[in-house]
Chemist: 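Sharing a structure, written as structure tokens. Questions coming.
The model shown is predicted, which means the values in this text are computed figures rather than measured ones. Residue numbering restarts at 1 for every chain, and letters A, B, ... go by the order of the sequence lines.
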2 protein chains.
Amino acid sequence: MEKSKSSRNQEQVIYDRLFDVILEQKLQPGARLTEEPLAEIFGVSRTIIRRVLLRLSHEGVVEIKPNVGASVVMTSPEEVAQFFEARKVVEGALASMITGKLTPYQVEMLYSMVREESRLFEMGNRAKGLRKSTEFHFYLVEAAGNQPLAEMAKKLIARTSLIVSQYNLSGSGGCACNDHSALVEVIVNGQPDEAESLMREHIDHIQHGLFLKDKSVETDLYALLKPE
Amino acid sequence: MEKSKSSRNQEQVIYDRLFDVILEQKLQPGARLTEEPLAEIFGVSRTIIRRVLLRLSHEGVVEIKPNVGASVVMTSPEEVAQFFEARKVVEGALASMITGKLTPYQVEMLYSMVREESRLFEMGNRAKGLRKSTEFHFYLVEAAGNQPLAEMAKKLIARTSLIVSQYNLSGSGGCACNDHSALVEVIVNGQPDEAESLMREHIDHIQHGLFLKDKSVETDLYALLKPE
DNA sequence: TCAACCCAGATTGTATACAATATAAAAAAC
DNA sequence: GTTTTTTATATTGTATACAATCTGGGTTGA
């Protein structure tokens, strides 16, 4: 039964690994994910890799083009606005729901995550810092105990994290991470609608720190070469 | 290329067919979906059926237990509250977003769907009526033009529709369908927060029309046979 | 020189064979 | 007669073989 457990988790392990690598920006949006090499790397058949890629595509992290294959999903500028708006709706509501209702343990957990995040950024470890920032939001949206809302929020957070990695020049950016401690503060001591507003503002900050220049080759070429 | 198109759509066709059958309550929650018969029915190999079932499971319509198989998802009473809460958040926000912003065509479309729905219920065709009711909500959440929010809302609507079919005794229930015309009314002529409130109330109506008795066999037996 | 075309290699799509596992019924033991 | 064990059947899980399709490079023709 040890065997069955480990073979069952195998797929989960591969999924987690890929998800991690993508979210840490080791694989940038647009990067191809060909099945055979992945199968080789993880020592399984393409069947398993296919399942994982399918799951990642349903999760919105990977895009599968028929007969072409999987790649890390790219987001167009118009979609970007929609994803951030969606985040405001869901995470705003969740922030409001948990205001004044967190256990001392949860509060301490959040503060410790904020400290860890600051530390990483100060050390200049931007990749890990961004990852911690994502985990902060993950923890927050799970705190309400509403699984469907938490799942949706996590999908949106992951996607916007990819968006940041697509549009932010690698050096710059970084989350305004003192925002996070202010957020915890108001969620612990403030009123629900205050928390909702602050969360929406915070997401706004992230959004407006982006350089929304379309990098897609087609569009650039079209804009450059158009007769008139 | 006609060929490739049709074979590519094949999977989509199977998915749609299963989704429809489940949402029209021809397959009740808990019903098993074994791969081989499905493959037989649709004239494809298990590979395709597996992909469809995997997708339905990611969509939250089907549950896949390892080494056991797929079945229409069942929802526990605790989860029910979470799904309805999630619907209130997402659909409430969407109702607010579209208030006063629909095109005349969209408004006419919504009214015509409400009329069709009423007609079906009056004819006593409950199954089709419920389906139309679902489509009304689908159309509404797409009207805002925010794809991520619309997708999430549609998933939640589908799931709550399943919940209704799991918990409502087959004869009773039915959506309070004059609610729908009032909703359109306020979305067209009212204020955003009025629309949001009314949408939340409407979802509340659906929720509180349920009989939240746990039908699961184990629980019943345990409660019945326990010594003291 | 440029365009269209075609071919080879690589990659994905599907079916199928076989292994692993669960379920339920029959047999054995108490 | 009841419980446990065993066994048979059905079902899912995985790997692999082969077919369909795409991609890019080279060739041909104007």
Chemist: Distance only, no hydrogens: is a donor on one side chain within 3.5 Å (strictly under) of an acceptor on the other, for B/R87 and B/Q82?
Modeler: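 Side chains of B/R87 and B/Q82: no pair found under 3.5 Å.
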Chemist: In whole angstroms, how far is the C1' atom of D/dT14 from the CD atom of B/E35?
Modeler: 12 Å
Chemist: Output a table of nitrogen or oxygen pairs between the protein and nucleotides 15-18 of chain C separated by less than 3.5 Å.
Modeler:
{"unit_1": "C/dA15", "atom_1": "OP2", "unit_2": "B/S45", "atom_2": "N", "d": "3.1"}
{"unit_1": "C/dA15", "atom_1": "OP2", "unit_2": "B/S45", "atom_2": "OG", "d": "2.6"}
{"unit_1": "C/dA15", "atom_1": "N7", "unit_2": "B/T47", "atom_2": "OG1", "d": "2.7"}

Chemist: Mind checking what makes side chain to side chain contact (heavy atoms under 4.5 Å, CB included) contact with B/D204, not counting sequence neighbours?
Modeler: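 Counting only residues at least two positions away or on another chain, B/D204 forms a side chain to side chain contact (heavy atoms under 4.5 Å, CB included) with B/K88, B/Q207, B/H208.
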Chemist: In this structure, how many angstroms lie between the P atom of C/dT11 and the CD1 atom of A/I49, rounded?
Modeler: 15 Å
Chemist: Rounded to whole angstroms, how far apart are CD1 on B/I64 and P on D/dT12?
Modeler: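 The distance from CD1 of B/I64 to P of D/dT12 comes to 10 Å, rounded to the nearest Å.
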Chemist: How many whole angstroms separate atom CD of B/E36 from atom P of C/dT21?
Modeler: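 That distance rounds to 21 Å.
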Chemist: What's the CG-P distance between A/L54 and C/dT12, to the nearest Å?
Modeler: 14 Å
Chemist: C/dT12, OP1 or OP2 - any side-chain N/O from A/R32 closer than 4.0 Å?
Modeler: yes
Chemist: Report the distance from atom CD of B/Q166 to atom CG of B/L210, rounding to the nearest 0.5 Å.
Modeler: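 The CD atom of B/Q166 sits 10.0 Å away from the CG atom of B/L210.
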Chemist: In whole angstroms, how far is the P atom of D/dT14 from the CD atom of A/E11?
Modeler: 7 Å
Chemist: Rounded to whole angstroms, how far apart are CD on A/E40 and C1' on C/dA10?
Modeler: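 In whole Å, C/dA10 C1' lies 15 Å from A/E40 CD.
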Chemist: Between A/D20 and A/R131, is there a side-chain N and carboxylate O pair less than 4.0 Å apart?
Modeler: yes
Chemist: Do the side chains of B/R46 and B/E35 get close enough for a salt bridge, i.e. N-O under 4.0 angstrom?
Modeler: yes
Chemist: Looking at every heavy atom in both A/E91 and A/A153, which two are closest together, and how far apart are they?
Modeler: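 Heavy atoms of A/E91 and A/A153 come nearest at CG-CB, 4.4 Å.
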Chemist: Whole Å only: how far is the CG atom of B/N67 from the C1' atom of D/dT12?
Modeler: 6 Å
